[in-house]
Protein chains: 2
Amino acid sequence: MTNVDVPPTTIQRLPIYLRCLMQAQAMRMPVINSLGIAEMAGTNAAQVRKDLSYLGELGTRGIGYDVDSLIAHILKWLGLTEVRRSAIVGYGRLGSSLQSYPGFEDRGFVMVAILDADPEKVGQRVGDIVVDPIGDLERIVAEKNVEIILLTVPAEVAQAVADQAVSAGVKAILNFAPVRLDVPSDVAVRHADLSVDLQVLSFHLNKTRTTDS
Amino acid sequence: MTNVDVPPTTIQRLPIYLRCLMQAQAMRMPVINSLGIAEMAGTNAAQVRKDLSYLGELGTRGIGYDVDSLIAHILKWLGLTEVRRSAIVGYGRLGSSLQSYPGFEDRGFVMVAILDADPEKVGQRVGDIVVDPIGDLERIVAEKNVEIILLTVPAEVAQAVADQAVSAGVKAILNFAPVRLDVPSDVAVRHADLSVDLQVLSFHLNKTRTTDS
DNA sequence: GTATGTGAAACGATTCACAGCT
DNA sequence: AGCTGTGAATCGTTTCACATAC
């Protein structure tokens, strides 16, 4: 059914549009036009129209986009109408902070397991989840039908842990470890790599200083 | 001095190359070629050569790149030879997990302040830093010469806090709040937005399921 | 009149392929 | 012979501009 010819750059912007639309909805706006979305999202109207046109003809010429129905369409396209069973693998400081991240439990993503290598942490209760040993990863993934893992283990073991997760059937990984993961092409990986962002910022600090002369 | 015509996509890859080179250095490799870097980084040799060629003629034909000197060049280009004074603004779970993130204190980035709105947290000691009230943001930024802030405050106040930081002289922001920040063009912003990544992963989960038929 | 949807143009990034250096 | 550096070709993305629909 779903046409798969949506450019990757468009896909990355859909969650942002979605957020803007939810805001518009909260402000009781029944309709919004491409310029309105663009201003909220920090792009331009042409970009918004091109992006949305990949999902179909969702707007009304002369009027704009119906907020409610556009939200519904984007949710559908992003697969956010289904529950996504996820697990945190590596329950250190970062891992534990992810639980309480806003927009997690409250939108489709459900945390069904937490795993850690540290015997001290195993058995610990976190809400209604009990921390499991990382050695049980494959069993837990299979049993609890985990689709996404949030990988917050040390860089040295990230690849090995990812391999286990993949062999147990995980199809999406959000990787916080500063290493490139090697996975089969049917597994999606996103890198949430803080140090890369910091270094890019460092570059910009340099640039502004050298340009100011 | 520094030529500013490096494509943004290249800049984003430089930190990754840097990491690979450090690994090569740790393995006592004196020289590496573009294919070697590419395999470690998950790209192709042509890409690596194009990227590095923007920084100058750093390799030797017939041989490859000297690991030590290439590392030095990339560090220089990314401005990582200078100390980057940074502050955490918003000391919740996420904020506190950032301190201990590997590759922070140990590479140029120095945490000089932590701020929070919660009176309970203000005054708390964190290593050799005392948590300051967020109302003192402008004073602290000016006094401690903060260049980068890690913004981990709730979305509702992120823009207001960013505005204060910018007016006090901050030139780079790593924004963890799920909102688009409006800042002057000389201020660099990077979005570390977990929920966008999760939603992109959700899209891919959908796709593989629908394509498998 | 107003705003979408979309071919076409412009731009930017990646890949190719080879000349040039060691 | 081996590998870099780089123009040229290719590919993908963004922007333009307007026909189309309300």
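Keep in mind it's a predicted model, so treat the numbers as computed, not measured. In what follows, chains are A, B, ... by sequence order, proteins preceding strands, each numbered from 1.
Residues A/K171 and A/E147 are not paired through a salt bridge, judged by the lack of any N-O separation under 4.0 Å between the basic side chain and the carboxylate. A salt bridge links B/R19 and A/D193; the closest N-O separation between the charged side-chain nitrogens and carboxylate oxygens is under 4.0 Å.
Heavy atoms of B/L58 sit under 4.0 angstrom from primed sugar atoms or phosphate atoms, though from no base atom.
Of the residues in residues 10-37 of chain B, those lying under 4.0 Å from DNA chain D by heavy-atom distance are B/N33, B/S34.
Taking 4.0 angstrom as the limit, B/Y65 places a side-chain polar atom (N or O) nearer than this to OP1 or OP2 of D/dG5.
In this entry the distance linking CG of A/L55 with C1' of C/dG5 reads 13 Å, nearest Å. Rounded to whole Å, atom P of D/dT13 lies 10 Å from atom CG of A/D51. B/Y54 has its OH atom 12 Å from the C1' atom of D/dG5, to the nearest Å. When rounded to the nearest whole Å, the span between CG of B/N44 and C1' of D/dT4 equals 15 Å. Computed from coordinates, the B/R61 CZ to D/dT4 C1' distance equals 5 Å when rounded to whole Å. Distance A/L52 CG to D/dT14 P: 13 Å, rounded to the nearest Å.
Under a 3.5 Å cut-off, the side chain of B/R85 and the backbone N or O of B/K144 do form a donor-acceptor pair. Using a distance-only test at 3.5 Å, with no hydrogens or angles considered, a donor-acceptor pair links the side chain of A/S202 to the main chain of B/G79.
Taking every side-chain heavy atom of B/R49 into account, C/dA17 is the closest of C/dT14, C/dA17, C/dA3. The side chain of B/P7 sits closest to C/dA13 out of C/dA13, D/dT14, D/dG7. The side chain of A/T9 lies closest to D/dT14 when the candidates are D/dT14, D/dA8, D/dC22. Listed nucleotides C/dT22, C/dT14, D/dG5 differ in distance to B/Q47; the shortest reach to its side chain belongs to C/dT14. In this structure, the nucleotide among C/dT22, C/dT14, C/dT6 sitting nearest to the side chain of A/S53 is C/dT6.
At a cut-off of 3.5 angstrom, counting only N and O atoms as typed in the model, there is a donor on one side and an acceptor on the other between the side-chain of A/K50 and the base of D/dT15.
Under the salt bridge (Lys or Arg N to Asp or Glu O under 4.0 Å) criterion, B/R139 pairs with B/D136, B/E143, sequence neighbours left out.
A donor-acceptor pair shorter than 3.5 Å cannot be found between the side chains of B/D5 and B/Y54.
Between A/V170 and the choices A/V183, A/V146, A/V89, the side-chain contact (heavy atoms from CB on, under 4.5 Å) rule is met once, by A/V146.
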